[in-house]
Amino acid sequence: MDELRNVLWIGGAAGAGKTTVARHLARRYGLRRYNPDTQTWNHLAQALANGNPAAQRFAHMTPVERAAATPSEIHYDRGPMVIDDLRSLPTNPLTLAELIPPEQVATSIGQAVFLMPSQEVQRSRLERRHPQGVPPRYLRSWQETTEKVAQTGTHVIVVDDLTAEDTIAEVERFFASRLAQAPTPQSIDERRGLLRYANHALVNQCLGWSRYTPGGDVSRTVLEFDCECAAPTCTALVKLPLTDALRAGTSTHPSILAAGHSV
């Protein structure tokens with residue numbers, strides 16, 4: 001897996017803060033951010049093309065049925081597809097991936113870190129995020145991640161008593177030597193392209209959900225995007241209807257920008 005030495009990995013249970021950390025560090029250092037959740041439906045399409053039975057069951061379920069399904073009913077291994085995704089990306093700049101890879105990759109010194117809350121803190125965070133009810137698969141992620149930590153011996157940051165800023169700083173310190181040696185984007189346009197890559201992946205995730213969900217309608221969906229002003233210190237997120245986001249990057253709608261920000 002030496003070919004993936006350009007990837008930094010952030011793993012952790014649901015609610016640990018992986019996306020928040022990845023967003024901030026990717027912008028600050030000009031990294032490419034890869035979130036496997038945005039590739040869910042692309043991976044489903046690949047699994048369906050390969051005739052995977054679990055993928056076929058999943059594709060024909062409603063959202064309620066998917067939430068109630070047991071892992072054995074709908075699980076299929078996306079790991080090889082994630083690795084293929086990462087292999088296909090440019091090696092410059094570094095990619096920051098929001099997952100922990102297979103064991104032989106995760107044990108790379110200085111390349112991977114787990115963010116872990118206690119079960120109590122995880123539940124509290126997820127209940128705030130999902131007031132209508134926490135999806136069971138998110139709660140299952142704590143045990144699954146704890147087992148993976150034990151198997152790999154990867155560095156762990158316990159986040160219970162850390163603010164978001166504290167967690168970002170801890171991960172930044174852990175990756176400091178890799179970040180210091182990494183090539184950085186040479187222009188604003190390059191930085192903006194990396195932000196647009198992450199934003200487009202989010203749009204495609206939403207479109208994929210509608211494609212593989214019976215009765216799925218995303219026409220009124222509002223998503224939260226990274227501001228594309230490309231300033232390294234910017235932390236703004238932009239709430240935008242999907243229909244507007246689809247026009248971003250065109251001559252009439254060149255960038256997704258927070259109020260008061262410019263290209």
Rounded to the nearest 0.5 Å, how far does OG1 of T70 lie from NE2 of H75? 11.5 Å
If the threshold is 4.0 Å, N to carboxylate O, is there a salt bridge linking R196 and E228? yes
Would you say the side chain of V203 lies within less than 4.5 Å of the side chain of F225, judging by non-hydrogen atoms? yes
Do E147 and Q151 pair up side chain to side chain, a donor and an acceptor below 3.5 Å, judged on atom types alone? no
Hey, could you give me the CG/OH distance between D85 and Y34, rounded to the nearest 0.5 Å? 3.5 Å
For residues 231-244, please give each side-chain donor-acceptor pair under 3.5 Å, one per line with the distance, not counting sequence neighbours.
residue	atom	partner	partner atom	Å
D244	OD1	R247	NH2	2.6

Looking at every heavy atom in both P36 and V82, which two are closest together, and how far apart are they? CB-CG2, 4.3 Å
Suppose we screen for side chain to side chain donor-acceptor pair (under 3.5 Å). Which residues come up paired with R220, at least two apart in sequence or across chains? none
Would you say I83 and R87 make side-chain contact, with heavy atoms under 4.5 Å? yes
E172 side chain to L25 main-chain N or O, any donor-acceptor pair under 3.5 Å? no
Derivation and outcome, side-chain contact (heavy atoms from CB on, under 4.5 Å), residues V159 and R125: CA-CA 11 Å; V159 301; R125 290 184 178 189; 3.8 Å; yes
Can you pull the side-chain hydrogen bond (donor to acceptor under 3.5 Å, both in side chains) pairs that have at least one residue in residues 13-22, sequence neighbours excluded? T19-E98
For the pair D189 and S187, evaluate side chain to side chain donor-acceptor pair (under 3.5 Å) and give the outcome as yes or no after the intermediate values. CA-CA 5 Å; D189 284 344; S187 69; 5.3 Å; no
Atom pair CZ (R32) and CG (L8), whose distance is rounded to the nearest 0.5 Å: 13.5 Å
Hydrophobic cluster membership, V121 vs V171, 4.5 Å side-chain cutoff: no
Under 3.5 Å, is there a donor-acceptor pair between the side chain of Q186 and the main chain of T184? yes
Rounded to the nearest 0.5 Å, the CG atom of N6 sits from the CG atom of L96 at a distance of 11.5 Å
Heavy-atom distance under 4.5 Å between the side chains of L207 and L246, does that happen here? yes
Pairwise side-chain contact, L179 with L31, heavy-atom cut-off 4.5 Å (strictly under): yes
Validation row: H43, P80 side chains within 4.5 angstrom (heavy atoms): no
Can you tell me if D161 has over 12 outside heavy atoms packed within less than 6.0 Å of its CG? no
So which heavy atom on A248 is nearest to which on I256, and how close? CB-CG1, 3.7 Å
If we only count heavy atoms from C-beta on, is the M81 to Y76 side-chain gap below 4.5 Å? yes
Which value, rounded to the nearest 0.5 Å, describes the distance between T40 atom OG1 and N35 atom CG? 8.0 Å
The complete set of side-chain hydrogen bond (donor to acceptor under 3.5 Å, both in side chains) pairs with one or both residues in residues 207-216, sequence neighbours excluded, reads R66-T213, W209-T213
Tell me whether Q111 contacts the main-chain N or O of W9 through its side chain, where contact means a donor paired with an acceptor under 3.5 Å. no
Go through it in stages, so that I can follow the logic: the residues are S141 and R137, the test is side chain to side chain donor-acceptor pair (under 3.5 Å), and I'd like the CA-CA distance, side-chain angles, deciding distance and then a yes or no. CA-CA 6 Å; S141 72; R137 68 181 183 279; over 6 Å; no
Are the side chain of Q205 and the backbone of D37 linked by a donor-acceptor contact shorter than 3.5 Å? yes
Check the hydrophobic clustering (I, L, V, M, F, W, Y; side-chain heavy atoms under 4.5 Å; chains of links allowed) and say if L195 and L257 are grouped together. no
Does atom CZ of R28 have more than 12 heavy-atom neighbours from other groups under 6.0 Å away? yes
Suppose the criterion is ring pair (Phe, Tyr, Trp, His ring centres under 6.0 Å): which pairs have a residue in residues 138-158, not counting sequence neighbours? H130-Y138, H155-F174
Pair T163-D166, side-chain donor/acceptor within less than 3.5 Å: yes
With a 4.5 Å cut-off on side-chain heavy-atom distances among I, L, V, M, F, W and Y, is there a chain of contacts connecting L194 to V21? no
Are the side chain of R33 and the backbone of A26 linked by a donor-acceptor contact shorter than 3.5 Å? no
Smallest separation among heavy atoms of H24 and I168, with atom names: CG-CD1, 3.5 Å
To check you understand the geometry: which heavy-atom pair defines the closest contact between A13 and Q122, and what is its length? CB-NE2, 3.6 Å
Is it the case that one hydrophobic cluster holds both V113 and Y29, taking links as side-chain heavy atoms less than 4.5 Å apart, direct or via other members? yes
Does the side-chain contact (heavy atoms from CB on, under 4.5 Å) test come out yes or no for R27 and C227, once each step is laid out? CA-CA 10 Å; R27 178 181 285 276; C227 174; 3.9 Å; yes
Output for pair (I10 CD1, I157 CD1), nearest 0.5 Å, gives 8.5 Å
If I compare all heavy atoms of Q39 with all of N42, which pair ends up nearest, and what's the gap? OE1-ND2, 2.8 Å
Checking S177 now: which residues fulfil side chain to side chain donor-acceptor pair (under 3.5 Å) with it, not counting sequence neighbours? none
State yes or no: do M116 and V134 share one hydrophobic cluster built from I, L, V, M, F, W and Y residues joined by side-chain heavy-atom distances below 4.5 Å, directly or via other members? no
Are R23 and D226 packed together at the side-chain level, in the sense that at least one heavy-atom pair is separated by less than 4.5 angstrom? yes
How close do L115 and A16 get, heavy atom to heavy atom, and via which atoms? O-CB, 3.3 Å
Before you tell me yes or no, could you show the steps for T167 and E170 under side-chain contact (heavy atoms from CB on, under 4.5 Å), namely the whole-Å CA-CA distance, both residues' side-chain angles and the distance that decides it to 0.1 Å? CA-CA 5 Å; T167 305; E170 287 290 327; 5.7 Å; no
